[in-house]
Amino acid sequence: ADYGSIQASHSNLQDTVDKLEEELNSAKQDAKREREMRAAESQEIQEVKANLLSAQHELNALHNQADSRTSSDASHYKEKAKLQAELGAIKRLNEQLGNEKLDLEATVEDLTLDKEQLAEEKEELEDRIEELKLDAETAQYEVEELRLELETAKGLGEEDQEMNADDDDAVQALATQNSRLREAL
């Protein structure tokens with residue numbers, strides 16, 4: 001009965017280890033998705049930067065054209081205002097994407113720490129399982145030894161119908177050891 005409870009404990013621990021492995025695999029998949037999203041956003045940031053640079057060059061070209069002309073043309077001012085508005089929007093988008101990138105990096109770091117913690121917990125549980133297996137085997141061996149000693153003592157008792165005080169002490173000591181071992185299990 002005690003060995004069965006140890007087996008049940010072992011089964012529960014194995015279930016916990018399996019669950020932790022599933023969580024670890026899930027965390028790995030989440031980290032992979034985060035890296036992929038980060039790579040895609042990094043690509044978007046590069047494209048936005050390229051657009052920003054292109055718009056800046058175009059704006060600079062318009063500034064140069066406007067400076068070189070002596071007369072102002074209303075359409076150029078409208079185009080310049082439009083490009084400045086686009087440039088502002090692109091700068092805001094660039095800032096937003098930069099903030100999102102920082103958030104994603106923090107999330108990846110948190111997932112990495114969670115993964116490491118789960119791995120440590122798994123290792124500790126596996127060590128504890130091994131300890132419990134050894135304890136169970138040792139306890140089973142000691143129970144068998146005590147059982148044999150008790151049977152031997154009973155057999156001697158049947159041969160000698162009269163037990164002396166030393167035999168009573170030996171049987172009492174065996175019974176005490178047996179009860180302590182059961183408590184330990």
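What's counted below: heavy atoms across the whole structure, side chains too, no hydrogens, waters or symmetry copies. By convention here, the first residue in the shown sequence is residue 1.
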Just jot down the side-chain contact (heavy atoms from CB on, under 4.5 Å) partners of [X], sequence neighbours excluded, or say none.
X      : value
Glu100 : Glu41, Gln96, Leu97
Thr16  : Leu20, Leu125
Glu109 : none
Gln7   : Tyr3

Compare all side-chain heavy atoms of [X] with those of [Y] and state whether any distance is below 4.5 angstrom.
X      : Y      : result
Glu149 : Leu146 : yes
Lys91  : Glu95  : no
Leu59  : Lys80  : yes
Arg128 : Glu131 : yes

Problem - Flag, side chain of Thr138 to backbone of Leu134, donor-acceptor distance under 3.5 Å - result: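 Present.
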Handout entry: Polar side-chain atom of Thr152 near backbone of Leu148 as donor-acceptor pair, under 3.5 Å
Key =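 Yes, Thr152 side chain to Leu148 backbone: donor-acceptor pair under 3.5 Å.
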Looking at [atom1] of [X] and [atom2] of [Y], how far apart are the two atoms once the value is rounded to the nearest 0.5 Å?
X      : Y      : atom1 : atom2 : answer
Leu87  : Arg92  : CG    : CZ    : 9.5 Å
Glu58  : Asn51  : CD    : CG    : 11.0 Å
Leu52  : Glu86  : CG    : CD    : 11.5 Å
Asp110 : Glu105 : CG    : CD    : 12.0 Å
Thr107 : Arg38  : OG1   : CZ    : 10.5 Å
Lys133 : Leu13  : NZ    : CG    : 10.5 Å

Practice task
Return yes when atom CD of Gln84 has more than 12 non-hydrogen atoms of other residues, nucleotides or ligands closer than 6.0 Å, and no otherwise.
Solution key: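 Check passes, neighbour count above 12.
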Exercise answer: donor-acceptor pairs, residues 29-36 side-chain atoms, under 3.5 Å, sequence neighbours excluded:
| unit_1 | atom_1 | unit_2 | atom_2 | d |
| --- | --- | --- | --- | --- |
| Asp30 | OD1 | Arg33 | NH2 | 2.2 |

Treating Ile, Leu, Val, Met, Phe, Trp and Tyr as nodes and any side-chain heavy-atom pair under 4.5 angstrom as an edge, say whether [X] and [Y] lie in one connected cluster.
X      : Y      : result
Ile129 : Leu24  : yes
Leu93  : Leu104 : no
Leu118 : Val108 : no

Exercise for the section: Starting from the C-alpha separation in whole Å, work towards a yes-or-no answer on side-chain contact (heavy atoms from CB on, under 4.5 Å) for Leu113 and Gln117. Expected result: CA-CA 6 Å; Leu113 291 175; Gln117 182 182 0; over 6 Å; no
Problem - CA sep, side-chain torsions, deciding dist, call: Glu126, Val17, side-chain contact (heavy atoms from CB on, under 4.5 Å) - result: CA-CA 8 Å; Glu126 287 173 346; Val17 168; 4.2 Å; yes
Exercise for the section: For Glu145 and Tyr141, test the side chains for any donor-to-acceptor distance below 3.5 angstrom and give the result as yes or no. Expected result: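 A pair is found: one side chain offers a donor N or O, the other an acceptor, under 3.5 Å apart.
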Problem - Listed once per pair and sorted, the salt bridge (charged side-chain N to carboxylate O under 4.0 Å, His left out) pairs that draw on residues 4-25, sequence neighbours left out - result: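 Qualifying pairs: Glu21-Lys122.
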Practice task
Step by step, work out the side-chain contact (heavy atoms from CB on, under 4.5 Å) result for Arg147 and Glu144.
Solution key: CA-CA 5 Å; Arg147 201 174 278 144; Glu144 291 300 322; 3.0 Å; yes
